[in-house]
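Structure first, commentary second.
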Number of protein chains: 2
Amino acid sequence: MQVRIGELSRTSGVPVPTIKYYLREGLLAPGASTAPNQATYGPEHLRRLRLIRALLDVGKLPVAAIKEIMYVVEQPQVPPHALMGLAHRYVTPTGPREHSPEWDAARAEAVRRVDALGWRVEPESVAFDQLADVLITARRLDFAQFLGGWDTYAQAAGEVADRDLTVLAERAAPAGDGTAQRVSMVETVVLGTVLGDAMLQALRRLAQQDASARRFAADA
Amino acid sequence: MQVRIGELSRTSGVPVPTIKYYLREGLLAPGASTAPNQATYGPEHLRRLRLIRALLDVGKLPVAAIKEIMYVVEQPQVPPHALMGLAHRYVTPTGPREHSPEWDAARAEAVRRVDALGWRVEPESVAFDQLADVLITARRLDFAQFLGGWDTYAQAAGEVADRDLTVLAERAAPAGDGTAQRVSMVETVVLGTVLGDAMLQALRRLAQQDASARRFAADA
């Protein structure tokens with residue numbers, strides 16, 4: 001079903017000027033021309049609008065990164081598994097990283113530790129960079145005993161990831177064509193990653209406060 | 001054992017000019033005067049220097065917040081459990097929040113959900129604000145099925161928090177006096193919270209990539 005831009009705006013909740021901005025920036029493909037200065041838009045535009053909103057509002061991604069993602073979801077030769085790695089790269093904090101021998105050793109250790117868990121992960125994943133930072137910081141600040149929690153953290157992360165993949169499989173399998181599925185998959189990975197980070201952060205603090213209330217019961 | 005500023009710098013790894021800056025800013029209490037323009041520093045200065053470094057480098061806290069924390073750890077009437085709530089407040093992201101009826105309802109829902117887990121948490125905890133944001137965003141973006149993972153996330157957070165509290169109890173019980181213990185406790189909460197967030201984030205992405213590799217094995 002093809003609709004005018006006003007109807008696309010009402011259905012998506014995105015204001016018309018914002019949709020026009022996305023069209024100008026190339027985030028959204030042009031509609032089908034029906035007359036000079038008139039075009040109509042289909043369901044695929046609606047799906048892309050939702051993905052753009054998720055990437056901008058929740059993922060806080062810059063427009064340039066969103067353009068790249070929009071391009072990649074159109075490429076049928078990029079397999080679904082690679083799409084997840086791509087989406088992760090954009091929603092993982094990356095600061096400027098030192099590349100000292102100490103850091104390289106920490107990164108190699110991170111890869112070995114994850115390998116020992118039996119997880120199959122491409123060694124170039126940015127999540128290893130993040131782990132290397134944690135390993136180095138914990139040791140520099142004399143907090144190596146924190147790393148004793150490794151197995152507990154890995155198990156908790158595994159349980160949550162299993163659940164995440166179940167949601168992904170349910171949500172990223174619409175009746176549409178291959179591209180619709182890929183758009184939905186990237187959207188779900190980005191939303192689920194960002195929302196899940198926040199939910200896990202908040203619940204961990206609440207669980208710590210509960211555990212602390214019990215432990216320090218006398219003064220709580 | 002009292003040492004000069006040069007020795008304090010060598011032991012802590014913090015450069016002398018930086019220590020002088022902390023002294024000027026009131027982050028660090030003055031040493032004991034031994035002669036005009038000479039002072040010596042004890043183990044409590046070393047502990048505070050470590051805490052300042054942790055708050056600045058890992059917690060990324062502003063100097064004004066660190067001053068507040070340094071003040072509070074000196075107040076023996078503030079109970080340990082309240083110190084954890086305070087430390088959490090400083091290391092939990094807080095954006096500008098709308099205070100609409102919808103948001104208030106989401107926050108009340110967050111409190112009810114956590115209450116239903118049987119967790120004892122003060123209702124003013126900032127972690128509830130973070131949860132309210134997650135609830136609202138998930139629903140606005142038609143991703144309510146994400147919230148179906150609530151129990152899995154809560155359980156994982158609980159396992160990790162138990163481990164965190166064990167480390168806290170080991171590390172925050174030095175042989176020193178009450179204040180030394182409080183300094184060590186705040187330091188451990190801030191370091192453990194920030195490092196734990198990063199480790200959990202990284203491990204969750206790696207576990208998702210592993211789960212995705214298995215699921216999409218054909219193309220991985």
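All values below come from the heavy atoms of this structure, side chains included, with hydrogens, waters and symmetry mates left out. Quantities reported herein were computed from a predicted structural model and do not represent experimental measurements. A note on names: the letters A, B, ... follow the listed sequences, proteins ahead of strands, and every chain is numbered from 1.
- For R214(A) against W119(B), the heavy-atom pair with the smallest separation is NH2-CA, 4.5 Å.
- Your options are L135(A), D142(A), V194(A), and the one with the most heavy-atom pairs under 4.5 Å with chain B is D142(A).
- In terms of non-hydrogen atom pairs under 4.5 Å with chain A, the most contact-rich of G192(B), G85(B), A154(B) is G192(B).
- Between the CG atom of D133(B) and the CE atom of M199(A) there is a distance of 13.5 Å, given to the nearest 0.5 Å.
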Steps toward side-chain contact (heavy atoms from CB on, under 4.5 Å) verdict (D162(A), T152(B)): CA-CA 10 Å; D162(A) 271 348; T152(B) 307; over 6 Å; no
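- Side chain to side chain, E122(B) and Q209(A) fail the donor-acceptor criterion of an N or O pair below 3.5 Å.
- Within the 4.5 angstrom heavy-atom criterion, only side-chain atoms of M84(A), from C-beta onward, approach chain B.
- Each of A138(A), G158(A), A110(A), G148(A) has some count of heavy-atom pairs under 4.5 Å with chain B, and the biggest count is that of G148(A).
- Taken to the nearest 0.5 Å, the CZ atom of R120(B) stands 9.5 Å off from the OG atom of S212(A).
- With chain A as the partner, the residue from T193(B), V91(B), V167(B) showing the most heavy-atom pairs under 4.5 Å is T193(B).
- Contact count versus chain A (heavy atoms, under 4.5 Å) is highest, among T137(B), L200(B), V189(B), for L200(B).
- Judged purely by atom type and a 3.5 angstrom limit, D210(A) has no side-chain atom pairing as donor or acceptor with the backbone of V121(B).
- Shown here for D164(B) and R204(A), the closest heavy-atom pair between the two residues is OD2-NE, 2.8 Å.
- Within the 4.5 angstrom heavy-atom criterion, atoms from both the backbone and the side chain of V160(A) approach chain B.
- With chain B as partner, the option from G13(A), G118(A), G196(A) having the largest number of non-hydrogen pairs under 4.5 angstrom is G196(A).
- Considering only heavy-atom pairs separated by less than 4.5 Å from chain B, the leading option among W150(A), F128(A), Y153(A) is Y153(A).
- Distance check, rounded to the nearest 0.5 Å: CZ of R171(B) to CZ of F146(A) gives 11.0 Å.
- The minimum heavy-atom distance between L206(B) and S125(A), with the atom names listed, is CD2-OG, 3.8 Å.
- Of all non-hydrogen atoms in R163(A) and Q145(B), the two that sit nearest each other are NH2-O, 4.1 Å.
- Under a 3.5 Å cut-off, the side chain of R205(A) and the backbone N or O of R89(B) do not form any donor-acceptor pair.
- Distance check, rounded to the nearest 0.5 Å: CG of L168(B) to CD of Q208(A) gives 8.5 Å.
- Defined by atom type and a distance below 3.5 Å, a donor-acceptor pair is present between the side-chain atoms of Q201(A) and Q130(B).
- When every heavy atom of A211(B) is checked against every heavy atom of L165(A), the shortest pair comes out as CB-CG, 3.6 Å.
- When heavy atoms are compared at a cutoff of 4.5 Å, V114(B) approaches chain A solely by way of its side chain, counted from C-beta outward.
- Per-residue heavy-atom pair counts under 4.5 Å with chain B were compared for L117(A), T188(A), L131(A), T166(A), and the maximum is reached by L131(A).
- Interface check for chain B: of the options H88(A), R50(A), E159(A), the most heavy-atom pairs under 4.5 Å are formed by H88(A).
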